[in-house]
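Working notes, beginning with the structure itself.
No hydrogens, no waters, no symmetry mates; every other heavy atom, side chains included, goes into these values. One-based numbering, in listed order, for ligands and for the atoms of each. Note that the numbering runs from 1 along the sequence shown for the chain.
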Amino acid sequence: MTEETGGAGVESNLSNSGQDYETAAPCNIVIFGATGDLTKRKLMPALMRMLHCGLIHRDSRILGVLRNRSEAEWHEMIRAGLHEYSPQLDMDEEKWREFLPHLKMVDGGLDDDTMYQRLADALETLGDKKNAMFYCAIPPEWYNRVAQGLFKAGLVSEEDGYRRLVIEKPFGSNLATASALNKELQAVFKENQIYRIDHYLGKESVQNLLVYRFANSIMEPLWNRNYIDHIQISVSETIGIEYRAKYYENSGALRDMIQSHLMQVMTLVAMEPPVEFTADAVRDEKMKVLRALRRFDPDQIAVHTVSAQYASGMVGGERVAAYVAEEDVSPDSSTETFAAMRFYIDNWRWQGVPFILWTGKRMKAKVSEVMIRFRKPPFNLFDSHASVPAANALVFRLQPEPGVVLRVNAKKPGLTTDNEEMVMRAMYASDTSEAADAYEILMHDVLTGDGTLFSRSDEIEESWSIVEPVLEAWKDRVFIERYRAGTWDVAAMDELTKDCVGGWHKPTLHE
Ligand code: BG6
């Protein structure tokens with residue numbers, strides 16, 4: 001428990017576990033971008049649930065910064081957002097009545113210095129402190145302006161309560177812009193006041209990776225190059241780029257998913273046990289993984305990466321357009337909607353073990369997984385019979401239906417020593433509202449001052465420095481491989497995984 005926290009533990013709906021979580025001290029929760037999409041889809045539903053179950057102190061207030069609207073109109077917008085994105089919450093009148101009095105508005109634009117002054121005036125001392133969390137649900141180009149505005153209005157110093165800044169990815173678009181952003185923010189806030197959200201780290205199933213690794217003694221002896229052939233970490237999506245063409249055209253799948261979410265997951269899979277479960281101890285270990293990642297020469301990049309773009313096709317029984325036919329996408333765009341990269345971690349534990357990270361939009365299935373493929377049995381005792389034992393696999397399903405699947409070989413029943421694969425499943429949670437839960441977990445961590453699940457500035461810069469040569473190599477390409485939407489037809493993946501036992505692992509649900 002940190003010094004700002006206190007109060008009785010309360011039953012929370014976090015992961016529906018019935019566990020006790022601590023109620024954070026009262027806080028002024030300030031949202032920049034109070035009418036934006038992130039606020040409507042994720043933040044408001046999460047805050048409403050958190051308040052209801054006691055994760056947010058009842059004396060807390062939620063201050064939305066917006067302009068050209070009245071407070072009543074803003075409330076209406078939030079309600080409409082709930083109706084659209086969280087219908088169950090929208091129907092819950094009791095929760096809404098409880099939530100509404102906490103919502104206050106501060107009028108003004110982000111570039112208006114008087115707004116920050118009004119915000120300073122609006123911050124109340126709650127309990128005995130003027131704690132504040134500043135959530136930037138705004139485009140990243142505004143982060144520095146907001147930090148400057150807060151600073152000028154005297155809202156950064158922590159004399160009368162904590163001040164925490166929350167920002168969302170993308171943290172820059174390459175190494176130079178990421179380090180410039182870090183410098184700008186660190187000129188105003190101390191590093192431990194900055195919380196960089198990667199919502200993947202807030203997912204129950206991602207945190208569970210750490211528990212599986214470090215709360216079970218049977219895992220550690222196997223968790224290395226002696227037993228593991230390779231690891232595939234994947235986020236396969238069926239959605240396209242939705243309404244975000246302008247962002248995505250300049251981003252592509254490598255920046256959007258691999259540099260951030262997937263590399264973060266890889267660090268958790270590969271890191272050494274931290275000396276304690278604290279923010280800096282965990283982040284130090286993650287950082288060591290990033291530093292040990294092999295850098296590729298420019299002429300090696302094509303060998304270790306794959307990029308592709310979706311053509312039209314059928315997804316979930318419906319015809320969908322090609323990426324280049326999406327609104328606001330250039331008809332000759334070569335932006336990748338599928339990206340894969342093979343990493344090597346040059347340290348004692350992982351030397352020679354490929355980590356294949358891949359992600360794609362408009363794929364055949366929506367599944368995110370970490371698949372650990374073990375080496376083949378060293379010698380096939382049962383070779384005289386028809387079946388050759390398959391290499392074992394341990395799959396951490398991140399979503400949907402989070403859980404763990406272990407594939408082992410077992411004897412076929414009857415007068416034979418032939419074997420067949422037996423699939424052992426332990427699906428530990430249903431994930432009806434997982435994305436919102438990730439925000440609940442992460443905002444609760446901000447309120448309690450726990451930075452363990454947030455990225456530190458050095459991690460961000462290190463991961464950019466690793467993908468940067470790939471971005472450079474891809475920058476001027478004119479041709480990009482296409483795959484039919486709703487399929488796994490990315491031929492280059494077979495080549496990328498040809499030395500991996502079992503080849504490209506295409507995730508299937510209900511296996
Ligand atoms: C976001 C990406 O960070 O993560 C999106 O910008 C992607 O493109 C999303 O769709 C995936 O998140 P989730 O939680 O749905 O797997």
Side-chain angles (χ1 to χ4, degrees), residues 15 33 36-43 45-46 85-86 136-140 166-173 178 196-209 233-266 268 307-310 315-316 320 323 326 328-329 335-340 357-370 396-402 429-443 453-455 460 463-464 467 485 507 509:
S15 78
D37 203 59
L38 177 70
T39 304
K40 283 188 280 186
R41 277 181 194 246
K42 308 280 193 197
L43 304 187
Y85 302 114
S86 311
C136 293
I138 49 178
V166 184
I167 56 173
E168 285 268 343
K169 73 172 249 286
F171 311 117
S173 56
R196 297 175 190 82
I197 283 208
D198 182 313
H199 79 278
Y200 261 65
L201 299 187
K203 288 180 191 277
E204 274 284 317
S205 50
V206 173
Q207 292 167 61
N208 195 37
L209 269 171
I233 304 178
S234 56
V235 174
S236 162
E237 300 185 284
T238 48
I239 54 168
I241 50 157
E242 298 182 297
Y243 49 90
R244 300 191 306 155
K246 286 194 181 118
Y247 154 76
Y248 204 86
E249 270 285 81
N250 294 314
S251 163
L254 184 68
R255 283 189 174 94
D256 186 43
M257 297 295 290
I258 292 192
Q259 180 274 334
S260 48
H261 306 320
L262 290 179
M263 287 182 75
Q264 283 289 322
V265 173
M266 174 169 64
L268 300 181
S307 60
Q309 187 189 77
Y310 62 80
V315 175
V320 298
Y323 176 70
E326 303 271 16
D328 290 327
V329 171
T335 300
E336 79 283 357
T337 59
F338 180 99
L357 273 51
W358 65 267
T359 184
K361 293 209 180 278
R362 291 280 192 231
M363 306 248 68
K364 189 164 179 147
K366 175 177 168 56
V367 192
S368 310
E369 286 185 348
V370 175
F396 290 88
R397 169 85 48 73
L398 305 182
Q399 60 186 25
E401 298 169 15
S430 71
D431 70 334
T432 44
S433 59
E434 200 189 355
D437 278 345
Y439 277 89
E440 287 171 50
I441 291 169
L442 293 172
M443 283 199 277
L453 298 176
F454 298 82
S455 312
I460 301 287
S463 52
W464 276 120
V467 300
L509 279 181

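In the vicinity of Lys169, heavy-atom distances shorter than 4.0 Å reach the ligand 1 atoms 1 (C), 2 (C), 3 (O), 6 (O). Residue His261 has at least one heavy-atom neighbour below 4.0 Å for each of these atoms of ligand 1: 1 (C), 3 (O), 4 (O). Close approach to Lys203 involves these atoms of ligand 1, each under 4.0 Å from a residue heavy atom: 13 (P), 14 (O), 16 (O). In the vicinity of Gln399, heavy-atom distances shorter than 4.0 Å reach the ligand 1 atoms 13 (P), 16 (O).
A salt bridge is absent between Lys42 and Asp37: the closest approach of a Lys/Arg side-chain nitrogen to an acidic carboxylate oxygen does not fall below 4.0 angstrom.
Panel note: side chain Lys40, backbone Tyr85; no donor-acceptor pair is recorded below 3.5 Å. Judged by distance alone, with hydrogens and angles left aside, the side-chain atoms of Ser307 form no donor-acceptor pair with the main-chain N or O of Ala339 at under 3.5 Å.
Classified by interplanar angle (parallel below 30°, tilted 30° to 60°, perpendicular above 60°), the ring pair Tyr323/Tyr310 is perpendicular. Relative orientation of the Phe338 and Trp358 rings is parallel, given thresholds of 30° and 60° on the angle between their planes.
Taking any N or O of Lys361, backbone or side chain, at least one lies under 3.5 Å from an N or O belonging to ligand 1. Of the N or O atoms in Tyr247, none lie within a sub-3.5 Å distance of an N or O in ligand 1.
Residues Ile197 and Lys169 have side chains not in contact (no heavy-atom distance under 4.5 Å, counting atoms from C-beta outward).
Residue contact check for ligand 1: Asp256 places a non-hydrogen atom closer than 4.0 Å to it.
When non-hydrogen atoms are compared, ligand 1 lies under 4.0 Å from the side chain of Tyr200 (C-beta onward) but not from its backbone.
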